[in-house]
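Notes to accompany the following structure.
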Amino acid sequence: QVQIVESGGGPVQPGGSLRLSCAVSGMIFSFYDMAWYRQAPGKQRELVAVITRSDHTNYADAVKGRFTISRDNAKNTVSLQMNSLKYEDAAVYYCTTGNNYWGKGTLVTVSS
């Protein structure tokens, strides 16, 4: 059974940083691309960042230069380092696998 568990969300001030982590079990992690999505209240879920099985990365324009996605195949984890956070980054962040398994999300709030 595939399990996806996100962690690391919480409150942060504008300009601050957070690191989200996603632990994956029940599948051969290294075989799959991984991605982070987010959904803000009243908005559609949107892609934030992708990392392929060969470590190529791609980012939404809104987060380029501020967010970094990485993976550790030995630990079956994928992380999202978020710097210079803005109010508009506030959302529930979801980790998803290339074979379409999703975590329950972790909430990021940005406020002063």
inquiry  = Under 4.5 Å between side-chain heavy atoms, counting indirect links through other Ile/Leu/Val/Met/Phe/Trp/Tyr residues: same cluster for I69 and L47 or not?
reply    = no
request  = Report the distance from atom OG1 of T106 to atom OH of Y94, rounding to the nearest 0.5 Å.
outcome  = 10.0 Å
task = Verify the ring-centre separation between W102 and Y37: is it less than 6.0 angstrom?
result = yes
query = What pair of heavy atoms forms the shortest contact from V108 to Y93, and how long is it?
reply = CG2-CD1, 3.6 Å
remark   = Shortest non-hydrogen pair, S112 vs Y87, comes out as OG-OH, 3.4 Å
key: Between T77 and D72, a side-chain donor and acceptor under 3.5 Å   = no
key: Q81 CD to L18 CG distance, which is reported to the nearest 0.5 Å   = 8.5 Å
inquiry  = Given 3.5 Å as the limit, does a donor-acceptor pair link the side chain of Q39 with the main chain of Q44, or not?
reply    = no
request  = Check whether any side-chain N or O of Q1 sits under 3.5 Å from a backbone N or O of G26 as a donor-acceptor pair, and report yes or no.
outcome  = no
task = Go through the side-chain N and O atoms of T52 and S54 and say whether any donor and acceptor fall under 3.5 Å apart.
result = yes
query = Are M82 and L20 side-chain neighbours, meaning at least one heavy-atom pair lies under 4.5 Å?
reply = yes
key: Closest non-hydrogen atom pair, M34 against C95   = CE-SG, 3.6 Å
ask   = Are D89 and K86 ion-paired here, with the side-chain N under 4.0 Å from a carboxylate O?
value = no
query = Is the backbone of Y101 close enough, under 3.5 Å, to the side chain of T97 for a donor and an acceptor to pair up by distance?
reply = yes
query = Is F67 close to L85 at the side-chain level, that is, under 4.5 Å between some pair of heavy atoms?
reply = yes
query = With side chains defined as the heavy atoms from C-beta onward, is the minimum distance between N76 and S25 less than 4.5 Å?
reply = no
Expected output: side-chain D33 to main-chain R53 donor-acceptor under 3.5 Å = yes
query = Are V5 and V2 in one and the same hydrophobic cluster, where Ile, Leu, Val, Met, Phe, Trp and Tyr link if side-chain heavy atoms are under 4.5 Å apart?
reply = no
ask   = If you look at every heavy atom in R71 and S30, which pair is closest and at what distance?
value = NH2-CA, 3.9 Å
query = Pick from V48, T68, I51: which one makes a side chain to side chain contact (heavy atoms under 4.5 Å, CB included) with Y59?
reply = T68
message = I want to check something: taking the side chain as every heavy atom from C-beta on, are R38 and V63 in contact at a cut-off of under 4.5 Å?
response = yes
message = Do V92 and L80 sit in one hydrophobic cluster, given that two such residues count as connected whenever their side-chain heavy atoms are within less than 4.5 Å of each other, even indirectly?
response = no
ask   = What pair of heavy atoms forms the shortest contact from S70 to R19, and how long is it?
value = OG-NH2, 3.7 Å
inquiry  = How close do V50 and A35 get, counting heavy atoms only, and between which atoms?
reply    = CG2-CB, 4.0 Å
